Amino acid sequence: MRNTFLVPELQELLANNDIQAIREFCSSMHPALIADSLGGLEPSEIWEILVHIPSQTQVEIFSNLDESVQMEMVEVLKREELASLISEMPSDDRVKEIMHSDVIFARGGDDQEDAARKIQKYGLLALPVINGNDALVGIITYDDAMDVITQEQTEDMEKLMAITGSHEVGAYLKMPAWSHFKNRFLWIIALAFLGLISGLIVQNFEGLLLQFAILATFMPMLADTGGNTGSQSATLVIRALALREITPKDIFRIFIKELQVSVLGVPLIYTLNIFFAIDVRNNFNSNS
């Protein structure tokens, strides 16, 4: 129960800024009695009294305040003031009714990207890392998390472009040319082989192309259109993967989505082809 008997006197001391009288009052009785008297004041007034007394006495009085009063003070105190006060308190008297028990954390065996994503998602400056016994073993700071996210995005992008080997941020100029070659040549050979197959297909229609030479003019446009749409799809998908909007298990949904986009684009490509064919035919007739 709060003792309000001395409240007017204490408020008068504060109004007169009588620091000496405040210190004498706080040292004249047991801290529990002082806390009982201070309980009738506003939280800001209590702190205005405590701030003028030695830290040890300050902590003893605060520890004896009602929990409801302590909670009210936590709401008005600045973070550094509260930290200074709590750090001086004995461990058995401390911050559970007023502490944050739902702490975002990572475990030592978690993937580094998952930990970095937590910092990004919850807007944290640092993320505690605990072991299997829930003991703190370290922290991950915001700048470390940004480095991890940059590294993971670089890795995803290079994998998408069929670049194997290690994926390190800022290692382009540091790596020798031979290492770059080893990371790239397998897929270059594979793509060249696929291009050879395309060439064989065209060769099989050589007779048709000789009869209708105008068809050959469509080949570069079709190839470029396929490359452009592929680059667009790859860019959107890799961005969605980096932001965790999609996962590999969504492959069929992605396929259906891109198929729908392709179907919508067919009339446009068909129309362009017609105008292109008309233009080529007019040029051919004019030249002949």
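On a predicted model such as this, the values are computed, not experimentally measured, just so you know.
Other members of the cluster containing Ile251 are Phe252, with ILVMFWY side chains joined at under 4.5 Å, either directly or via other members.
Closest approach of Ala145 and Ala116 over heavy atoms only: O-CB, 3.6 Å.
Within the 3.5 Å criterion, the main-chain N or O of Ile53 finds no donor-acceptor partner in the side chain of Thr57. No donor-acceptor pair closer than 3.5 Å links the side chain of Lys118 to the backbone N or O of Ile104. Put simply, the side chain of Asn17 never gets that close to the backbone of Leu14: no donor and acceptor are under 3.5 Å apart.
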Output side-chain donor-acceptor pairs under 3.5 Å for residues 39-49, partner residues at least two apart or in another chain, one line each.
| from | atom 1 | to | atom 2 | distance (Å) |
| --- | --- | --- | --- | --- |
| Glu45 | OE1 | Glu42 | N | 3.0 |

Under 3.5 Å, which donor-acceptor pairs do the side chains of residues 22-35 form with other protein atoms, sequence neighbours left out?
| from | atom 1 | to | atom 2 | distance (Å) |
| --- | --- | --- | --- | --- |
| Arg23 | NE | His52 | O | 2.7 |
| Glu24 | OE2 | Gln20 | NE2 | 3.3 |
| Ser27 | OG | Arg23 | O | 3.1 |
| Ser27 | OG | Glu24 | O | 3.2 |
| Ser28 | OG | Phe25 | O | 2.7 |
| His30 | ND1 | Ala32 | N | 3.0 |

Can you give me every donor-acceptor pair (side chain of residues 134-144, partner residue at least two apart or in another chain, under 3.5 Å) with its distance?
| from | atom 1 | to | atom 2 | distance (Å) |
| --- | --- | --- | --- | --- |
| Asp134 | OD1 | Arg107 | NH1 | 3.1 |
| Asp134 | OD1 | Arg107 | NH2 | 3.0 |
| Thr141 | OG1 | Asp143 | OD1 | 2.4 |
| Thr141 | OG1 | Asp144 | OD2 | 2.9 |

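The side chain to side chain donor-acceptor pair (under 3.5 Å) search around Gln58 returns none, not counting sequence neighbours. With sequence neighbours excluded, no residue satisfies side chain to side chain donor-acceptor pair (under 3.5 Å) with Gln260. Listed by chain and residue number, Glu80, Glu81 satisfy the side-chain contact (heavy atoms from CB on, under 4.5 Å) test with Lys78 (two or more places apart in sequence, or in another chain). By the salt bridge (charged side-chain N to carboxylate O under 4.0 Å, His left out) test, Asp18 pairs with no residue at all, sequence neighbours left out. The side chain to side chain donor-acceptor pair (under 3.5 Å) check on Asp111 picks up nothing, with sequence neighbours excluded. Shown here are the side chain to side chain donor-acceptor pair (under 3.5 Å) partners of Glu258, two or more places apart in sequence or in another chain: Ser233.
Atom CG of Leu125 has 12 or fewer neighbouring heavy atoms from other residues, nucleotides or ligands inside a 6.0 Å radius. Remark: Glu12 CD is loosely packed, at most 12 non-hydrogen atoms of other residues, nucleotides or ligands lying under 6.0 Å away. Residue-environment remark: NZ (Lys257) stays at or below the threshold of 12 foreign heavy atoms within 6.0 Å.
Each of Val129 and Val148 belongs to its own hydrophobic cluster when Ile, Leu, Val, Met, Phe, Trp and Tyr are linked at side-chain heavy-atom distances under 4.5 angstrom. Both Val51 and Phe62 belong to a single network of hydrophobic side chains, linked directly or stepwise wherever heavy atoms of I, L, V, M, F, W or Y lie under 4.5 Å apart.
A 4.5 Å side-chain heavy-atom check between Leu50 and Leu38 finds at least one atom pair inside the cut-off.
Distance check: Gln56 CD to Ile61 CD1 gives 10.5 Å after rounding to the nearest 0.5 Å. A distance of 9.0 Å separates CG of Asn64 from CD of Gln70, quoted to the nearest 0.5 Å.
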Run the side chain to side chain contact (heavy atoms under 4.5 Å, CB included) check on Leu65 and Met73 step by step: do they pass?
CA-CA 10 Å; Leu65 289 171; Met73 291 190 64; 3.7 Å; yes
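Under the 4.0 Å criterion applied to side-chain N and carboxylate O atoms, Asp114 and Arg117 are not assigned as salt-bridge partners.
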